[in-house]
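First up is the structure itself, then whatever we jot down about it.
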Amino acid sequence: MRTSWADSVANSASETAVSDNNSLRRPTRATYVPPHLRNRPASDTPNISGLASESERTNFNGTAGGSQWSRSSMGGGGGRTNPEMGRQSQVYGYAGAGRGVGRWNNRIGGWDRRETEVNPFGGSDEADVTDQTFSEQENSGINFDAYEDIPVETSGENAPPPVNTFSEIDLGELLNQNIRRCKYVKPTPIQRHAIPIVLGGRDLMACAQTGSGKTAAFCFPIISGIMSEQYVQRPHAARTAYPLALILSPTRELSCQIHDEAKKFSYQTGVKVVVAYGGAPINRQLRELERGVDILVATPGRLVDLLERARVSLQMIKYLALDEADRMLDMGFEPQIRKIVEQMGMPDRGMRRTMLFSATFPREIQRLASDFLSNYIFLAVGRVGSSTDLIVQRVEFVQESDKRSNLMDLLHAQRENGVHGKQTLTLVFVETKKGADSLEHWLCLNGFPATTIHGDRTQQERELALRSFKSGKTPILVATDVAARGLDIPHVAHVVNFDLPNDIDDYVHRIGRTGRAGKTGLATAFFNEGNLSLAKPLAELMQEASQEVPAWLARYASRTLYGGSKNRRYGGGRFGGRDFRREGSYGRNLDHYGLVGGNSGSAYGVPGNYGGGYAPGVASAWD
DNA sequence: AAAAAAC
C-alpha cells in the first residue's frame, strides 16, 4: 500500500534531520527530497503534513482541479467530468501533491530557489513560444478539423489510447500552469499520443514531422514523472551528480534549445534542468551540476567526458530521451551512444523509460534502436499541413559554376519583393565547412550581410552567428548540416539548398527549418549532375507533398538505377515511417521505411488528397 | 565524402 503524500513529506523531512545528526544508517545515501521540497527550513515541517489532507486530494481528483484547468484553458468544451481522472490520479499519485504544492508555495517565502528563478516567460521571451501556439495558428487560418484526418500509426502491444486535451492527462497543476504560460491550448497529435504512452510506463519510438511539438512530447512526461515520484532515493557523492532523466541531442545548439524549452516547462516546479555540451567552459557546467540536477540535457561528447570524470552518474536515470534519434544512431554517433546507454551504469532497458524521437527513422536505424527499448510502442504521426505542405519546394538545375550568381538573383529578387518592417531570414545550406566560409565571405563582399555556422567555428562564434541571424542583424545564414536538425528559428522564410545533401532525410530536416508555426515557407534547391542519387527520392518526396516536379528531374529520377536499397517511402506514401517490426509479412522489397497507413493494423485517418504514387516501380502499402 | 561530437 502506498503511503500518503503527506506521510512521505513528513518522512523525508525527518530523515533529512536524522542525516544532519550524522546518525543515518546508510551514510552514503541521503533520502531523496522531492524537487519542490528542497532547501526548506526544518522549522516549517509542521505546516507541511497538514496541507494535503486525504479529503483535499479526493476533492481535487473529483472535480475541482480538473474543471479549473478545463475552464481556464479549454473554454467550456473540456470541462466534462472524466471518470478516468480519479484512477489516473491513483496510478500516478500526483493530483493531490499538485494542489498541495501550489498552496504551500504561496505560504512560504524564501525557502526555495524558485524565488530567484529567472522567469523564462518574461518580456519578449513569451513571443518566442510560437511553435505550438495554437491560438496563433488558428489566427493564421489552419483548419484544425483536419487534425482528425492526420495519419497515425501505432504498433506494439496494448498501446495506451491518445488523449484529446491536456486536462485528460494528470500532469500536475504546476506543469499545467506552465503549459498555459506557453499558450499551448491543445496538445499536438504527437503529444496526444506520446504523453499517455510514456506516462503509462511504456517505451516509445516516435516519428513525427519537423515542428510538430516533439520537445514538449518528451519533456512533459519526464517532468510530470519526476514530480510524482516522491520516494526515489539518490546516492550522494560529494562531486557526482545523479540526474533522473537524460536528454541527448546531436548538436550543441539543439541541446541549448531543448534546455531553454525544458526550463519553461519546469518553471517553479522545483525540477532542475541542466545543460552540458562541448566547446563551452566546463567549469560553469560543473558548478551547475553540483547545485543539483534532475534533467540533464547534453551532447554525447561532453557527457562522456563528465562520466569519465565521475562528475555525473547515470545510475539513477529513470528517463532517457534521444532527440533526432536516427542521427544519434548513425555511423558517427552510434558507438558513443551505445557506450553511454549500455556501458556507463545506466539502468537496463525495462528499468527505465526510453523515448526516441525523430522526423525520419530509416529501418536499419530502427533495428539498432530497438536494442535500447523494451517492449516499445512505435508511433508515426503526421500533422496538419505536415511541414512539407506548408513549404513550397522548388528545384532548379544549376551548374556548380553558376550557383553563386543564381543565389545572387534569388537574394536580389527577395530584397525587391521584401515587405518592409518584416524580417525575412534566408538559411543557405552548403556541403562543407570551407564552402560555408567562402560563400559567407562572398555574400558580404557583394552587399548581403551574412554569417555562418559550422563545426570549425568556435562555440562562441556559432552562438553569436545564430543570435545575429535570429535578430535579423545578418538576415542570411550560411550553414552546414550542423543547423539542419531541430533548430527552431522563427521567421526563416527561405531555405536554399545551395548544395544538396546526399541523403533525402537530411533534405527533409533542412527544409523543415522553414514553414514553422503555421507559417508558409519556401525551399529552393540547386540540382546538377552531382546530385543524381537524390533525383528519385527527391522527385518522390516532392510528388508526395503535391509540389511541382520539373520534367527534367522526373527524367533523371526514372533513369536512376540506384533504386534498390536506397529506395524510399515517399513514392505513394504519406509522411511518416513504419514500424520495422511489421515488415516481415510484406516481403523484403518494400522500401526501407515502409509507409504510414495502409489497411492494416491500427492505422487510421485517411487524408482526402492522396493521389497515388509517383513512380510505378515503388511498392506502396496502398497498392 | 562530409558533418557532428571532448579536452
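When reading the values below, keep in mind they use all heavy atoms of this one structure, side chains included, and skip hydrogens, waters and symmetry mates. Just so it is clear: chains get the letters A, B, ... in the order the sequence lines come, proteins before strands, and each one is counted from 1. All values reported here derive from a predicted model rather than from experimental measurement.
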Below 30° counts as parallel, above 60° as perpendicular, anything between as tilted: where do the rings of A/F527 and A/Y556 land?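 Tilted, since the angle between the ring planes falls between 30° and 60°.
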[X] has an atom [atom1]; how far is it from atom [atom2] of [N], in whole Å?
X      : N     : atom1 : atom2 : value
A/L329 : B/dA5 : CG    : P     : 17 Å
A/H509 : B/dA2 : NE2   : P     : 22 Å
A/N531 : B/dA1 : CG    : P     : 17 Å
A/M328 : B/dA3 : CE    : P     : 19 Å
A/Y277 : B/dA6 : OH    : P     : 10 Å
A/Q336 : B/dA6 : CD    : P     : 7 Å
A/L248 : B/dA5 : CG    : C1'   : 11 Å
A/N497 : B/dA3 : CG    : P     : 15 Å

Nearest to the side chain of [X] - [options]?
X      : options             : answer
A/N502 : B/dA6, B/dA1, B/dA5 : B/dA1
A/E431 : B/dA5, B/dA2, B/dA6 : B/dA2
A/D330 : B/dA6, B/dA3, B/dA5 : B/dA3

Please tell me if [X] has a side-chain N or O lying less than 4.0 Å from either OP1 or OP2 of [N].
X      : N     : answer
A/R485 : B/dA4 : no
A/T299 : B/dA6 : yes
A/K433 : B/dA4 : yes
A/T480 : B/dA2 : no
A/R457 : B/dA4 : no

Would A/K403 pass as a cation-pi partner of A/F526, given that its NZ or CZ must be under 6.0 Å from the six-membered ring centre and within 45 degrees of the axis?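 Cation-pi check for A/K403 and A/F526: fails.
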A/Y376 six-ring centre to A/R581 NZ/CZ under 6.0 Å and within 45° of normal: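 Because its charged atom sits under 6.0 Å from the ring centre and within 45° of the axis, A/R581 does stack over A/Y376.
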Side chain to side chain donor-acceptor pair (under 3.5 Å) partners for A/D323, two or more places apart: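 In terms of side chain to side chain donor-acceptor pair (under 3.5 Å), with neighbours along the sequence ignored, A/D323 is linked to no residue.
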Would you say CD of A/E548 has more than 12 non-hydrogen atoms from neighbouring residues, nucleotides or ligands within 6.0 angstrom?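 At most 12 heavy atoms, drawn from other residues, nucleotides or ligands, come within 6.0 Å of this atom.
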Any pair counted as side-chain hydrogen bond (donor to acceptor under 3.5 Å, both in side chains), so long as it reaches residues 239-250 of chain A, sequence neighbours left out: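 Of all non-adjacent pairs touching residues 239-250 of chain A, those that pass side-chain hydrogen bond (donor to acceptor under 3.5 Å, both in side chains) are A/S249-A/S255.
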Between A/M331 and A/R462, which is nearer to the 5' end of DNA chain B once each is assigned its nearest nucleotide?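 This one resolves to A/M331.
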Which part of the nucleic acid, if any, lies within reach of [X] when heavy atoms closer than 4.0 Å are counted: base, sugar-phosphate only, or nothing?
X      : answer
A/R327 : nothing
A/V304 : nothing
A/G332 : base
A/R309 : nothing

